[in-house]
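Here the structure comes first, spelled out in structure tokens, and everything after it is commentary.
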Amino acid sequence: MPFDRRTFLKGLGLSAIGIAGSTGAGSDDLAVVSQASAATPPGHAVNFADDVIYQIISDRFHDGNSDNNPTGELGSDSCSNLRKYCGGDWQGIIDKIQSGYLTDLGVSAVWISPPFENITAVDSDIGTSYHGYWARDFTDANQFFGDMETFEQLVSVAHQNDIKVVIDFVPNHTSPSTSDDELEDGVLYDNGSYVAAYNDDPESYFHHNGGTDYSSYEGQIYRNLYNLADFDQHETYIDQYLKDAIEQWLDLGIDGIRVDAVAHMPPKWQKTLVDTIYDHKPVFTFGEWFLGADQSNPRYYEFSNDSGMSLLDFRFGQEIRQVLRDFTDDWHGFKAMLDETAAEHDQVIDQVPFIDNHDMPRFTVEGGDTRNTDMALAVLLTSRGTPTVYYGTEQYLTGGNDPDNRKPMPSFDTTTTAYEVIQELTALRSSNPALAYGDTQERWINPDVFIYEREFGDNVVLVAINRSLDWYDVSGLVTSLPEGTYDDVLGGTLDGFSTTVNADGSIDTFSFSPQTVCVWEYTGTTTEPALGHVGPTMGQPGHTVVLSGEGFGSTEGTVEFGSTAASIVSWSDTEIEATVPAVAGGYYDITVTDANGVQSDAFSGYEVLSGDQISARFVVNDATTDMGENVYVVGNVHELGNWDPDRAVGPFFNQVVHEYPNWYYDVNLPAGADIEFKFVKIADDGTVTWESGSNRTYTTPTDSTGEYTGTWK
Ligand code: NOJ
Ligand code: NOJ
Ligand code: CA
Ligand code: CA
């Protein structure tokens, strides 16, 4: 049996416990919390593959405590002004967990707005910080969402109800520095004390390079996003401030982090941030790299594969909107997106798909056909990756661009079709591991009909969707479902029907009705080790890593990183905790061998870092290059490619902080290490030009950031 959180909780007598009344976690409740966390499965915070996230704009979900609502200009009582605070708060989320609205829906995580103290000034055009993306003090709570005690209570009530808490973290910037002075000049506080503001910045904690026009990756990173005061993460104080802040929130028990604007910060600095998180308390971490419709980007995939964090799946989100909302593409385009993302992401099941969010018009179109929303939710919830449902989509909330797409919850109706579809499929996600770990295979396709199969071990889910108003004959369909008759998991909610699979895996020709979704499933018993997921995918020797899957057996076997055995912390049929062995930095295949000597397929590409990571800026002056040639760095540690120019780090930048023929790049490196390296020029065609002379040497700082400057040799 795969791990089923409901069965698991029932075993503990913990299913759907709410705290009686809505205030104060008393000592009894805290006892329940520690009991629950003592029994929390190892993969809880590092494996979200069978979870469904519910994304909440904290100010817009539910007002559970009107005492904390802002008065005067900052607030809007009836929420008639969507750019002001409307009263929603953490108590409101607690209330809706306790009322059963979220647990009955079956979502297993909430992603909430950035929880930090934000600026309180009001701008006559752009409004207020109701969304939470204008932080002032990352160490304190946004008072309009609640105080720290309420935050802790949210975490504990969520955990008692087996719901994970994901916070939105915004290490790119503070708040807007506006020319009309209406806001707070991007001011930063630390634990209540003033630190600096954008125009009072003697230590250069912020970038002062103007705003980005998005024309280059470098400009996106080192110039301001809109007019937001852009942190210089290379400054030791800011580096430390942001890392200390996230550790503080990790200590409050959060289970996941959504990182804002990852396309706007140095990628290798972010790798040091992720290392800090995994070294302190590993939790599932995913970034927001916005892509518009039909946009793709090699840097996007590189980030997802290298940074140690996952990404919100904008490729999936934009494509499904074209196929089921805007009807500007069809299932062939969707299939192409599935193939691309499976090929480009090292771990496609760790990405976070969605159908809408707070940065695009809502999926449901005003006056449109809500069946399209229902069908899209069915596809989303049977997708690879961790589906995220945007609050109110289950109530068919409509709205255009921000802030119109952030209206208050219109109702908490648990009988909408969308609510039922989510309910049925969240249950399937936690009972059939094919949805969490399986790959996605096309079984039948035309522009309107897509039939796809998810399979893991002996578990199979077959999904059939006809988006159109036409009937189609489906012939020649084959499946991995064993012979037998299968009812529609959605119970006909989207007009689905049962199907019969013949002994040879074929399904007889059938007429597929309009706007219909069928979900058929088989949950098997996997008796040989099938490794579905490893989390995190990056760490240091001594870190704990969680391996999830099926058929590991109840007797301890072995886990190997390459050919080195890892010590086992805990072992069950579906989850193993192991310690990363003391191997050199590098990429390793991980395998599980059960007590009978049967070995799983390898999980490839686990990255072992060579110790705690710091960020150092390499600057090389006077490096003139030919057209198409770029500067990189390569050296004697894993982080610098172990002298392999194919793994050289770069390309360096040369436009904003330093200008051609001077180049720079912020690089993650092991702390307190003596390293040797050289700069290299690499041409478009791969030709490598090494510097002459002996190797350069650099001792990295033990803590925080460093810098090395040299002249090309
Ligand atoms: C992306 C967030 O999702 C968006 O809502 C926010 O305004 C920007 N980043 C800036 O923080
Ligand atoms: C390692 C050597 O130590 C270094 O000097 C040389 O530049 C690289 N290999 C490339 O050959
Ligand atoms: Ca309130
Ligand atoms: Ca930036």
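Ligands are counted one by one from 1 in listed order, and the atoms in each one are counted from 1 as well.
Short contacts between ligand 1 and H173, defined as distances under 4.0 Å to a heavy atom of the residue, involve ligand atoms 10 (C), 11 (O). Close approach of ligand 1 to D260 (heavy-atom distance below 4.0 Å) involves ligand atoms 1 (C), 2 (C), 3 (O), 8 (C), 9 (N), 10 (C), 11 (O). Against a heavy-atom cut-off of under 4.0 Å, E288 is close to the following atoms of ligand 1: 1 (C), 9 (N). With ligand atoms numbered from 1 in the order given, ligand 1 contributes 2 (C), 3 (O), 5 (O) to contacts under 4.0 Å with heavy atoms of H358.
With contacts defined as side-chain heavy-atom distances shorter than 4.5 Å, the pair F354/F363 does not qualify.
With the Ca ion (ligand 4) as the vertex, atom OD1 of D230 and atom O of I221 span an angle of 120° (nearest 10 degrees). Rounded to 10°, the angle that O of H264 and OD1 of N172 form at the Ca ion (ligand 4) is 70°.
Donor-acceptor pairing under 3.5 Å is recorded for the side chains of D666 and Y222.
Judged by the 6.0 Å and 45° rule, R617 forms no cation-pi pair with F653. Under the 6.0 Å distance and 45° angle rule, R60 counts as a cation-pi partner of Y130.
For Q55 (side chain) and V110 (main-chain N/O), no donor-acceptor pair under 3.5 Å exists by modelled atom type.
The aromatic rings of H358 and Y390 lie tilted to each other, with the angle between the two planes from 30° to 60°.
Among all heavy-atom pairs drawn from I57 and S113, the shortest one is CA-OG, 3.3 Å.
Using a 4.0 angstrom heavy-atom cutoff, R258 counts as in contact with ligand 1. Note on ligand 1: R406 sits in its first shell, one or more heavy atoms being nearer than 4.0 Å.
Under a cut-off of 6.0 angstrom, the local environment of CD in E247 is crowded, with over 12 non-hydrogen atoms contributed by other residues, nucleotides or ligands. The environment of CG in D404 is crowded: more than 12 heavy-atom neighbours from other residues, nucleotides or ligands sit within 6.0 Å.
When ring centroids are compared, F138 and W249 stay outside the 6.0 Å threshold.
Atom 3 (O) of ligand 1 has D359 OD2, 2.4 Å as its closest protein atom, hydrogens excluded (heavy atom only).
The Ca ion (ligand 4) has no N, O or S atom of L225 closer than 3.0 Å.
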Practice item. Please step through ring pair (Phe, Tyr, Trp, His ring centres under 6.0 Å) for the pair F618 and Y665, ending with a clear verdict. Key: CA-CA 5 Å; F618 284 91; Y665 206 66; 9.4 Å; no

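For the Ca ion (ligand 3), protein N, O or S atoms under 3.0 Å: 6 in total.
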